Every structure is written in structure tokens, then in C-alpha cells.
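Quick one: structure below, then a few questions.
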2 protein chains.
Amino acid sequence: MSQLRQEIGLSEHLSAAGYRLTAPRRAVLQVLEEARTHLHPEEVLKRARLIYPGLGRATVYRTLALLTGLGLLRPIRLGGSPRLARVTEGHHHLVCLACGHSFSFEECLEGELEEELAQRFNFKIKGHLLEFYGLCADCRGE
Amino acid sequence: MSQLRQEIGLSEHLSAAGYRLTAPRRAVLQVLEEARTHLHPEEVLKRARLIYPGLGRATVYRTLALLTGLGLLRPIRLGGSPRLARVTEGHHHLVCLACGHSFSFEECLEGELEEELAQRFNFKIKGHLLEFYGLCADCRGE
DNA sequence: GCCTTAATTGAGACATCGTCTCAATTATAC
DNA sequence: GTATAATTGAGACGATGTCTCAATTAAGGC
Ligand SMILES: [Mn+2]
Ligand SMILES: [Mn+2]
Ligand SMILES: [Zn+2]
Ligand SMILES: [Zn+2]
């Protein structure tokens, strides 16, 4: 019996939590699932309107808040601008304080710490973010 | 000869970088140096006006941007609201995605990684931020 | 399939936050 | 002191995010 990894989408989570699956929400969810980068909230609105033209700004923000409250989404801030990230993605960045550019890396050291903190604070940890910040080569004028 | 640890203030950094030391800026710097928490930018404005009443909003944001560009200050986001932090402070938080409350911890694992990344990206690292996020006990209804 | 009903919606006013322009002020070097 | 360029506050402006409310609609019970 091959045990296939069950990929649970955002919409399954939403309805499992007792929220209605409406057309406006589906549009927002689709945009989030198809996004390959950390999207700006207004970019989510723009893209979702291509799927569901009448979509209101408030609905987008309401849906984003819903997903955040469920621990599925995470608002981050990269180089001054607000972005959205799936909680399960790793976020490891170097961010330049002068120009805002960011660079990604993959190393992850937080496994051990996570368990310890979860116990100490009675906290259900869903993800983490590690940022180093400083000045990039360009901004140091080198 | 006792080697006293020289505490260099923000204003010394500013003038060393060739910026003028004006009364409005001094007020902002004083607020930042006396702050015991991560301040909201608008809170900086309010407090600095107690020192220098005529202070304009733009001047505050301009000064904050200056300090950020020099790598002395770091805009962070805690539970949905923008905050300012001294770059040299450690920032290790658990943040609840539902209510926004945050908890601090002290453990720090990033020393080794820091050097490696600085080389790889030719980046001058000034500080870091480590956040775990998830759901606190209250928000899980326990 | 219909009905009922509470959840959800979009419009648009509103609030907050942050930026920009420009004429007036002022820190600094000489 | 003077010259000069940096810096300032006012206030318009733009962007982002929230709120209210009447209209719509998903979902469950029949
Ligand atoms: Mn990691
Ligand atoms: Mn650390
Ligand atoms: Zn840079
Ligand atoms: Zn919470």
C-alpha cells in the first residue's frame, strides 16, 4: 500500500474549521496556493479579481485574517513592505537595512529549540522566521 | 588602566556619518535611547514632542530611516503592528498568530551561521531576529 | 430541490500610517 | 559673523487597512 502524502489545501482547512466556502474566498485561496513568492496583500487583491472580478478589498483582508488566525498564514515584512507567507514554508533571509533587498538561505538550526519553547510557553508552534540584517555589499559601497 | 566599555550613543553615530545634530533629531534619539520596549513609530513622535513640541511627523520618519540605513535601527513587526528596535538588541520571540501576543526568550543559536552567511553573501551582519509563531494556549482554548 | 437562517459579501466612508514638496530655518565650516 | 547646503514643519497626498450596513448566499434540514 503506497502511503501517498496527503496535500491538504487551504480550503479544506477553512471548511474543517466551520467557515463557508464561498466564491470570493476560493479566489483568494487559489491565488495564495498558486503564488510562488511572498505576495503583497494588495497583489493578492489584484490577482484574485482576475478570478472573481467583483471581489471587495475588505473580503480579501478578512480572508487573510481568517487564515492567519488559524495558523495557516503568516504576515511578514520584507524590506519595508508587508507580505504574506504560508506558515509551513521556511523563511530564512538576510535583509539589507539600507536598500531592503533580501537574500534567502536554507540552513535551519531551530529544531531543538522549538520543542523546548513549545513546552515552556505552552505554545503550539507552526513555523518560524529567521532574519539576519545588516548592509549588503552594494550599500557599503564596495 | 581600566578599559571602560565605551557606550557610543546614536547621536555620535549620526554625526560621525556626516549628519547634522539638530534639536529635532536629538529629541528623537533621546526617545529611542530611553525606550525600554519596542516603540511604535507614532509613539516615538508623541514622546519626542514632549521634548521638542513643534516636531513634525516627517522629521521623525526621516530620522528613523536615517538610523535604519546606517544599520543602527531595525523596523520589526510584532503581532501586526510596526515597531522599532535597536539593531544590537536580541530579538527572540514567540508570536501568536491569533491574538498577536508575543513572548520573549533568550536562547541564541545563530553565532556559527552568521559568519558563514556573511562570507557567502558578502554581507555585513548587524543583528538578527528569530521568531517562532503559532497559537498560544489561550487562543487554542485550553 | 426548496426554505430558513446566519454567515458572508461589496460599497464606500473612514482611520491610520507613511511620503512628498516647498518655502523657511539652521547647523556647520570658514 | 557669514555663506551655504542640510534640515525643518506644514500640510497635501497616497497607500494600506478597518468598519458599517444593507443585500446576497452557502449550508443544513426538510
Ligand atoms: Mn529554519
Ligand atoms: Mn539569537
Ligand atoms: Zn543594500
Ligand atoms: Zn494568542
Side-chain angles (χ1 to χ4, degrees), chain A residues 10-31 38-70 73-84 97 99-100, chain B residues 10-31 38-70 73-84 97 99-100:
Chain A
L10 293 174
S11 46
E12 284 81 354
H13 276 107
L14 258 199
S15 57
Y19 295 101
R20 290 187 185 169
L21 271 186
T22 67
R25 279 179 184 162
R26 279 181 215 275
V28 173
L29 299 182
Q30 184 183 331
V31 167
H38 301 312
L39 293 182
H40 189 286
E42 297 290 321
E43 177 69 17
V44 174
L45 173 60
K46 198 190 302 177
R47 294 190 188 190
R49 274 184 173 159
L50 298 178
I51 302 170
Y52 186 86
L55 184 64
R57 170 195 306 279
T59 299
V60 172
Y61 282 95
R62 283 189 285 232
T63 303
L64 298 176
L66 223 55
L67 295 170
T68 299
L70 289 175
L73 209 65
R74 160 77 177 154
I76 62 176
R77 190 182 187 90
L78 267 191
S81 81
R83 301 296 178 95
L84 297 162
L97 291 165
C99 67
Chain B
L10 292 174
S11 45
E12 283 82 355
H13 276 108
L14 257 200
S15 57
Y19 295 102
R20 290 186 184 170
L21 271 186
T22 66
R25 278 180 185 161
R26 279 181 215 274
V28 172
L29 300 182
Q30 184 182 331
V31 167
H38 301 312
L39 292 182
H40 189 286
E42 297 291 321
E43 177 69 16
V44 174
L45 173 60
K46 198 189 302 177
R47 295 190 187 191
R49 273 183 173 158
L50 298 178
I51 303 169
Y52 186 86
L55 185 63
R57 171 196 306 279
T59 299
V60 172
Y61 281 96
R62 284 189 285 232
T63 304
L64 297 176
L66 222 54
L67 295 169
T68 299
L70 288 175
L73 208 65
R74 159 78 177 154
I76 62 176
R77 189 182 186 90
L78 268 190
S81 81
R83 301 297 178 95
L84 299 163
L97 291 165
C99 68

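Below, read A as the first sequence line, B as the second, and so on, with proteins coming before strands; counting in each chain starts at 1. Everything numeric in this text was worked out from a predicted model, so none of it was measured.
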Figure out the CZ/P separation between A:Arg26 and C:dT9, and round it to whole Å.
-> 12 Å

Backbone of B:Leu55 reached by a side-chain donor or acceptor of B:Arg49 within 3.5 Å = yes

Closest to the 5' end of DNA chain C, once B:Pro82 and B:Ala23 are matched to their nearest nucleotides, is B:Pro82

Whole angstrom is fine here: how far is it from OH in A:Tyr19 over to C1' in C:dT9?
-> 16 Å

How long is the line joining CD of B:Glu43 and C1' of C:dC17, in whole Å?
-> 15 Å

Counting heavy atoms from C-beta on, name the nucleotide in C:dC20, C:dA27, C:dA7 closest to the side chain of B:Ala58.
-> C:dC20

Indicate yes or no: at least one non-hydrogen side-chain atom of A:Arg83 is less than 4.5 angstrom from one of A:Pro75.
-> no

Which nucleotide, D:dT16, C:dT26, C:dG18, lies nearest any side-chain atom of A:Tyr61?
-> D:dT16

To the nearest 0.5 angstrom, please state how far the CD atom of A:Gln30 sits from the CG atom of A:Leu50.
-> 10.5 Å

May I ask you to verify whether the side chain of A:Arg20 and the base of D:dA27 hold a donor-acceptor pair under 3.5 Å?
-> no

Side chain of A:Arg62: nearest nucleotide among D:dT16, C:dT8, C:dT9?
-> C:dT9

B:Leu55 CG to C:dG18 P, in whole Å, measures 15 Å

Starting at atom CG of A:Leu45, determine the distance to atom P of D:dT18, rounded to an integer number of angstrom.
-> 13 Å

Using a strict 4.0 Å threshold on nitrogen-to-oxygen distance, state whether A:Arg47 and A:Glu43 make a salt bridge.
-> yes

Length of the NZ-P vector between A:Lys46 and D:dG17, whole Å = 14 Å

Using only side-chain N and O atoms of B:His40, determine if any of them is under 4.0 Å from OP1 or OP2 of C:dC17.
-> yes

How many Å lie between CG on A:Leu66 and P on C:dT8, as a whole number?
-> 7 Å

Choosing from D:dA27, D:dT8, C:dG18, which nucleotide comes nearest the side chain of B:Thr22?
-> D:dT8

Just checking A:Arg25: base, sugar-phosphate only, or nothing, at a heavy-atom cut-off of under 4.0 Å?
-> sugar-phosphate

Interatomic distance where CZ belongs to A:Arg49 and P belongs to C:dA11 [whole Å] = 7 Å

Can any side-chain N or O of A:Arg25 pair as donor or acceptor with the backbone N or O of A:Arg20 at less than 3.5 Å?
-> yes

Given C:dA7, D:dT7, C:dG18, which nucleotide is nearest the side-chain atoms of B:Glu42?
-> C:dG18

Side chain of A:Arg57, base of D:dA15: donor and acceptor closer than 3.5 Å?
-> no

The answer to which of A:Pro41 and A:Leu21 contacts DNA chain D further toward the 5' end, by nearest nucleotide, is A:Pro41

